[in-house]
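Okay, so here's the structure we're looking at.
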Amino acid sequence: MTAPVLDVRDVTKVYGQGETRVRALRGVSLRVERGDYVAIMGQSGSGKSTLMNILGCLDVPTEGRYLLDGNDVRHLDEHQLSILRNRRIGFIFQSFNLIPRMSALANVELPLAYGGIKGAVRRKRALAALDLVGLADRVEHEPNELSGGQQQRVAVARALVTSPALLLADEPTGNLDTRSTRDVLDVLDRLSRAGRTIALITHEDEVAARARRVIRLVDGEIVEDSVR
Ligand code: ADP
Ligand code: MG
């Protein structure tokens, strides 16, 4: 029996105290198995970012438990959380977050460099990841020489190059035009078919429609969890 990639058990998150107290998550439970592709939807203020921060080990629940790839995040300190994060999660952000004046290849190699992987192996794996996202012919380009969709595909390559348990994307197509959105979603479809586990936060129906499963948050609670 392998543990689910995400195992969220009755998680609450409260910000502030007294008058300013906000219950951003009110008892969220969620399991995501290996290979699943989940879209998390909800209006502004529904708790998506709060949930994303917890799933991404950027924050911890107020109450309840969260196990990432079998690891209980309870009692982990900042440093331990950062290690878990770096080893198990590939992040994809709305704003790409690539390093300027560094080639696509160097950007994708970076997480491997942090992981202490040697030059030749690093280069080979980064090239393979860029090939997977359809950018084999752009590896020496810098971010400002690439379209938005291409930059986001570099970011996807960077997220997957470490073979994380989870690809976690926050509005990955939020800054992209229709064509680039389709290119990035096609890449995620391919990765999903290849067995990667993906959790994607979005408020766009056409993006969520690509996922196998849709979870809808309203006021910090899951009101829908449906498989297509
Ligand atoms: P979403 O991403 O769906 O827009 P958030 O998770 O950002 O929702 O916010 C959920 C609720 O928690 C909102 O009412 C928001 O104002 C509140 N909130 C989020 N972050 C904080 C914070 N750091 N301090 C206080 N309240 C917060
Ligand atoms: Mg948000």
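Atoms within a ligand are numbered from 1 in the order they appear, just like the ligands themselves. Side-chain atoms are counted along with the backbone in the values below, which use heavy atoms only and exclude waters and symmetry mates.
Follow the hydrophobic side-chain contacts under 4.5 Å out from Val207 and you reach Val133 in the same cluster.
With a cut-off of 2.8 Å, the Mg ion (ligand 2) has no N, O or S atom of Met52 in range.
Contacts of ligand 1 (protein heavy-atom distance under 4.0 Å) are Tyr15, Val22, Ala24, Gln43, Ser44, Gly45, Ser46, Gly47, Lys48, Ser49, Thr50.
Taking a 6.0 Å sphere around CZ of Arg87, one finds it holds 12 or fewer heavy atoms contributed by other residues, nucleotides or ligands.
Salt-bridge formation is detected for the pair Asp36/Arg212: a Lys NZ or Arg NE/NH1/NH2 atom is positioned less than 4.0 Å from an Asp or Glu carboxylate oxygen. In this structure, Glu142 does not pair ionically with Arg101, as no charged nitrogen and carboxylate oxygen lie closer than 4.0 Å. Remark: Asp177 does not engage Arg179 in a salt bridge, criterion side-chain N to carboxylate O under 4.0 Å. A salt bridge between Asp7 and Arg65 is absent, with no side-chain N of the basic residue lying under 4.0 Å from a carboxylate O of the acidic one.
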